[in-house]
S.K.: 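Next up is a structure, given as structure tokens.
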2 protein chains.
Amino acid sequence: MKTTSGIRSLFGANLKRLRLQSGLSQEAFADKCGLDRTYVSGIERGVRNPTIEVVGVLAKGLGVAINALFDFDSPP
Amino acid sequence: MKTTSGIRSLFGANLKRLRLQSGLSQEAFADKCGLDRTYVSGIERGVRNPTIEVVGVLAKGLGVAINALFDFDSPP
DNA sequence: GTGTAGACTCCTGTCGACT
DNA sequence: AAGTCGACAGGAGTCTACA
């Protein structure tokens with residue numbers, strides 16, 4: 001398939017920013033979401049490509065709307 | 001992992017709605033996105049769990065922001 | 001035009017261990 | 001606390017074909 005752009009990096013940076021705002025460590029956050037710590041690490045660094053179900057649990061873990069994780073919006 | 005809810009179904013219904021608004025058939029839309037037609041069919045019916053990169057190409061194919069595809073927002 | 005099924009490749013998501 | 005590696009099962013994404 002044809003990967004549009006650096007969506008993963010943008011998403012990851014956004015996730016990291018929101019997680020830090022909530023004052024959680026990667027590990028504490030991963031536990032709260034029921035996800036693996038190393039996987040969350042990969043997502044934040046843009047080397048992983050999570051599914052929308054994972055996006056859902058991440059948003060829930062942060063206590064924010066899903067849209068908050070995508071508020072960088074489709075780059076060229 | 002722990003699937004939060006019917007995110008896939010909500011996303012799929014939303015995608016279908018936006019696609020129909022744009023007047024495209026599943027096939028024409030899939031071609032425009034560079035995705036497989038049967039896969040788009042699966043996404044719209046909520047039986048598939050796309051990655052955020054696929055979400056990006058779907059949004060681009062529709063000419064909308066990624067947020068538009070998630071404007072149902074995290075169900076309980 | 002759409003839904004489904006089967007078969008296939010490659011990656012998502014989990015885990016343990018070391019830095 | 002966070003990055004990275006190797007290994008693994010299961011699922012994402014493609015394709016062909018029929019209803």
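Within every chain, numbering begins at 1; the chains are lettered A, B, ... in the order of the sequence lines, protein sequences first and strands thereafter.
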S.K.: Please give, in whole Å, the distance from dT2(C) P to Glu44(B) CD?
M.R.: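 Going from CD in Glu44(B) over to P in dT2(C) covers 8 Å.
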S.K.: Pairs in or reaching into residues 22-31 of chain A: which pass salt bridge (Lys or Arg N to Asp or Glu O under 4.0 Å), with residues at least two apart or in two chains?
M.R.: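 Pairs touching residues 22-31 of chain A that pass the test: none.
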S.K.: Mind checking what makes side-chain contact (heavy atoms from CB on, under 4.5 Å) contact with Thr38(B), not counting sequence neighbours?
M.R.: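 Scan of Thr38(B) (side-chain contact (heavy atoms from CB on, under 4.5 Å), adjacent residues dropped) gives Asp36(B).
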S.K.: Just how far, in rounded Å, is P of dA2(D) from CZ of Phe29(A)?
M.R.: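 Distance, rounded to whole Å: 12 Å.
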S.K.: Taking the minimum atom-to-atom distance to the side chain of Gln26(A), which one of dG3(C), dA12(D), dA2(D) wins?
M.R.: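 Of all the options, the side chain of Gln26(A) is nearest to dA2(D).
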S.K.: Can you tell me if the side-chain N/O atoms of Ser41(B) get under 4.0 Å from OP1 or OP2 in dG3(C)?
M.R.: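 For dG3(C), OP1/OP2 do have a side-chain N/O of Ser41(B) under 4.0 Å.
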S.K.: What residues form a side-chain hydrogen bond (donor to acceptor under 3.5 Å, both in side chains) with Arg19(A), not counting sequence neighbours?
M.R.: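 For Arg19(A) the side-chain hydrogen bond (donor to acceptor under 3.5 Å, both in side chains) partners, ignoring immediate neighbours, are Glu44(A).
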S.K.: Roughly, in whole Å, what's the span from NZ in Lys16(B) to P in dT2(C)?
M.R.: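 Computing the Lys16(B):NZ to dT2(C):P distance gives 8 Å.
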S.K.: Any idea which of dA1(D), dG1(C), dG3(C) is nearest the Ser25(B) side chain?
M.R.: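 Out of dA1(D), dG1(C), dG3(C), the nucleotide with an atom closest to Ser25(B)'s side chain is dG1(C).
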S.K.: Tabulate atom names and distances for all N/O pairs under 3.5 angstrom spanning the protein and nucleotides 15-19 of chain C.
M.R.:
unit_1, atom_1, unit_2, atom_2, d
dC15(C), N4, Thr38(A), OG1, 3.3

S.K.: A side-chain contact here means heavy atoms from C-beta on lying under 4.5 Å apart; do Leu24(A) and Lys32(A) qualify?
M.R.: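 Contact flag for Leu24(A)/Lys32(A) side chains = yes.
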S.K.: Roughly how many Å is it from CD in Glu53(B) to P in dC10(C), rounded to a whole number?
M.R.: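 Glu53(B) atom CD is separated from dC10(C) atom P by 17 Å.
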S.K.: Using the side-chain hydrogen bond (donor to acceptor under 3.5 Å, both in side chains) criterion, which residues pair with Arg17(B)? Sequence neighbours excluded.
M.R.: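 Here the qualifying residues are Asn14(B).
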S.K.: Counting only side-chain N and O atoms of Arg8(A), is one of them less than 4.0 Å from OP1 or OP2 of dC11(C)?
M.R.: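 Checking Arg8(A) against dC11(C): no side-chain N or O falls below 4.0 Å of OP1 or OP2.
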S.K.: Could you work out, with ring pair (Phe, Tyr, Trp, His ring centres under 6.0 Å) as the rule, every residue matching Phe29(A), not counting sequence neighbours?
M.R.: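 Here no residue qualifies.
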S.K.: For Leu20(B) and Ile52(A), find the nucleotide of DNA chain C closest to each by heavy atoms; which residue's nucleotide sits nearer the 5' end?
M.R.: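 In this pair, the answer is Leu20(B).
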S.K.: Starting at the 5' end of DNA chain C, which residue's closest nucleotide do you reach first, Arg48(B) or Arg19(B)?
M.R.: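 By nearest-heavy-atom nucleotide position, the 5'-most residue is Arg19(B).
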